[in-house]
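Here is the structure we will look at, set down as structure tokens.
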There are 2 protein chains.
Amino acid sequence: MNRKQFSNIAKALSDPRRLEIFKVIAKSREISCGAIADKFPIGQPTVSHHLKLLSDCGLVSVRKDGQHSFYSADPDVFKGYINELWKVIPGSASGHIESA
Amino acid sequence: MNRKQFSNIAKALSDPRRLEIFKVIAKSREISCGAIADKFPIGQPTVSHHLKLLSDCGLVSVRKDGQHSFYSADPDVFKGYINELWKVIPGSASGHIESA
DNA sequence: TTGATATATTGACATACGTAGATATAATTG
DNA sequence: CAATTATATCTACGTATGTCAATATATCAA
């Protein structure tokens, strides 16, 4: 993971609303843009904008099926972000995977 | 850790320069504002600003000694952030501490 | 094909952010 | 006390961000 992706992921998770959206996606196996928009008091274009940021940084994947776009969380990218975090603090010997 | 602190930490780590500053602090046991400013091509007021954000969110602690302010990383807060991250992805059973 | 539905894009606006310059505050040194 | 040094604060500026309204694009249904 390069610096750009790391900062983009950190930035993506730093907005409370976007974090909640990501949590909803992570809890669902797959979920559409409209289904997400129904859960929050913000417009569909705003949700679409957040989804673009989440997919641009790799946290979520998109599968298009007809007129729907189904979003799902990519746990490997998310765990990769956590793994990068462990590298920030030296001598932190618990909980992380050195190789991944 | 509440939502505000979580998003503030994520935001603090999302700026590349600020992340580098935090890494420098984490690698040092203690380091002053000026010593940090010497390591980057940005002004002392800007460094002081970044340090304020890092200390406001709890990632670093400050110890004043005379005219110096010595900054040090708080690994517990940092690990607390990582622990909150594990709660975002359901069913991630490795690497995190459930109780902390 | 026409109308309805799902999603993405564009433009605009208010706010926040990163940075620099100047200055203030505080402490050390002569 | 005066001068120097270390840090913090204030103001300003260009840029980015979150949101909405309007619209475009694409797909389904009748």
Side-chain angles (χ1 to χ4, degrees), chain A residues 2-25 28-73, chain B residues 2-25 28-73:
Chain A
N2 56 33
R3 282 162 196 266
K4 194 83 186 155
Q5 187 181 16
F6 179 90
S7 71
N8 284 343
I9 291 176
K11 198 173 302 180
L13 299 175
S14 74
D15 183 68
R17 181 85 69 195
R18 194 158 49 221
L19 174 66
E20 293 307 311
I21 290 176
F22 181 65
K23 283 181 179 175
V24 164
I25 297 172
S28 316
R29 198 181 67 84
E30 271 192 339
I31 188 168
S32 68
C33 176
I36 296 172
D38 289 341
K39 295 175 181 294
F40 298 97
I42 56 179
Q44 172 270 323
T46 300
V47 172
S48 182
H49 168 69
H50 286 312
L51 291 174
K52 177 161 177 50
L53 295 186
L54 286 171
S55 60
D56 281 353
C57 71
L59 282 177
V60 311
S61 315
V62 199
R63 180 179 68 87
K64 301 209 66 172
D65 180 34
Q67 58 189 150
H68 296 261
S69 285
F70 291 103
Y71 292 85
S72 56
Chain B
N2 57 34
R3 282 161 197 266
K4 193 86 186 150
Q5 187 180 16
F6 179 90
S7 71
N8 283 344
I9 290 175
K11 198 173 301 178
L13 299 175
S14 74
D15 182 67
R17 181 84 70 195
R18 195 158 48 221
L19 175 66
E20 292 307 313
I21 291 176
F22 181 65
K23 283 182 180 175
V24 165
I25 298 172
S28 317
R29 198 183 67 83
E30 269 192 340
I31 188 169
S32 68
C33 175
I36 296 172
D38 288 341
K39 295 175 181 293
F40 298 96
I42 57 179
Q44 173 270 321
T46 301
V47 173
S48 183
H49 168 69
H50 286 313
L51 291 175
K52 177 163 177 49
L53 295 185
L54 287 171
S55 59
D56 281 353
C57 72
L59 282 177
V60 311
S61 314
V62 199
R63 179 179 68 86
K64 300 209 67 173
D65 180 33
Q67 59 189 153
H68 295 262
S69 284
F70 291 103
Y71 292 85
S72 56

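All chains are named by letter (A, B, ...) in the order of the sequence lines, taking the proteins before the strands, and each is independently numbered beginning at 1.
Judged by closest nucleotide on DNA chain D, Gly43(A) is the one of Asp65(A) and Gly43(A) placed further toward the 5' end.
When the P atom of dT17(D) is taken as reference, atom CG of Leu13(A) falls 14 Å away, rounded to whole Å. Distance, Asp56(B) CG to dA8(D) C1': 13 Å, rounded to whole Å. Here dT7(C) presents its P atom at 16 Å from NE2 of His50(A), a figure rounded to the nearest Å.
Listed candidates were dA20(C), dG18(C), dA8(D). Nearest to the side chain of Asp15(B) is dG18(C). For Pro45(A), counting side-chain heavy atoms from C-beta on, the closest listed nucleotide (dG18(C), dA8(C), dA8(D)) is dA8(C).
Residue Arg17(A) places no side-chain N or O under 4.0 Å from the OP1 or OP2 atom of dG18(D). Under 4.0 angstrom from either OP1 or OP2 of dC17(C) there lies at least one side-chain N or O belonging to Lys11(B). Contact annotation: Ser48(A) side-chain N/O to dA8(C) OP1/OP2 distance is under 4.0 Å. Side-chain N/O atoms of Ser69(A) include none lying less than 4.0 angstrom from OP1 or OP2 on dT7(C). Within the structure, a side-chain polar atom (N or O) of Ser32(A) is placed less than 4.0 Å from OP1 or OP2 of dT7(C). At dA27(C), none of the side-chain N or O atoms of His68(B) fall inside 4.0 Å of OP1 or OP2 (strictly under the cut-off).
A side-chain donor-acceptor contact under 3.5 Å links Arg18(A) to the backbone of Ala12(A). Counting only distance, with no hydrogens or angles, the side chain of Thr46(B) and the backbone of Ile42(B) share no donor-acceptor pair below 3.5 Å. A donor-acceptor distance shorter than 3.5 angstrom exists from the side chain of Ser32(B) to the backbone of Ala35(B), with no hydrogens or angles considered.
Using a 4.0 Å heavy-atom distance criterion, Lys64(B) is classed as making no nucleic acid contact. Residue contacts for Leu53(A): at a heavy-atom cut-off of 4.0 Å it reaches the sugar-phosphate backbone alone, with no base atom in range. Heavy atoms of His49(B) sit under 4.0 angstrom from at least one base atom. As judged by a 4.0 angstrom heavy-atom cut-off over every strand, Tyr71(B) is placed among residues touching the sugar-phosphate backbone only.
Within 6.0 Å of CZ in Arg29(A) there are 12 or fewer heavy atoms belonging to other residues, nucleotides or ligands.
Counting atom types as modelled, Gln67(B) pairs no side-chain N or O with a base atom of dT7(D) as donor and acceptor under 3.5 Å. On a pure distance criterion of 3.5 Å, no polar donor-acceptor pair joins the side chain of Gln44(A) and the base of dA6(C).
The distance from atom CG of Asp65(B) to atom CD of Glu30(B), rounded to the nearest 0.5 Å, is 8.5 Å.
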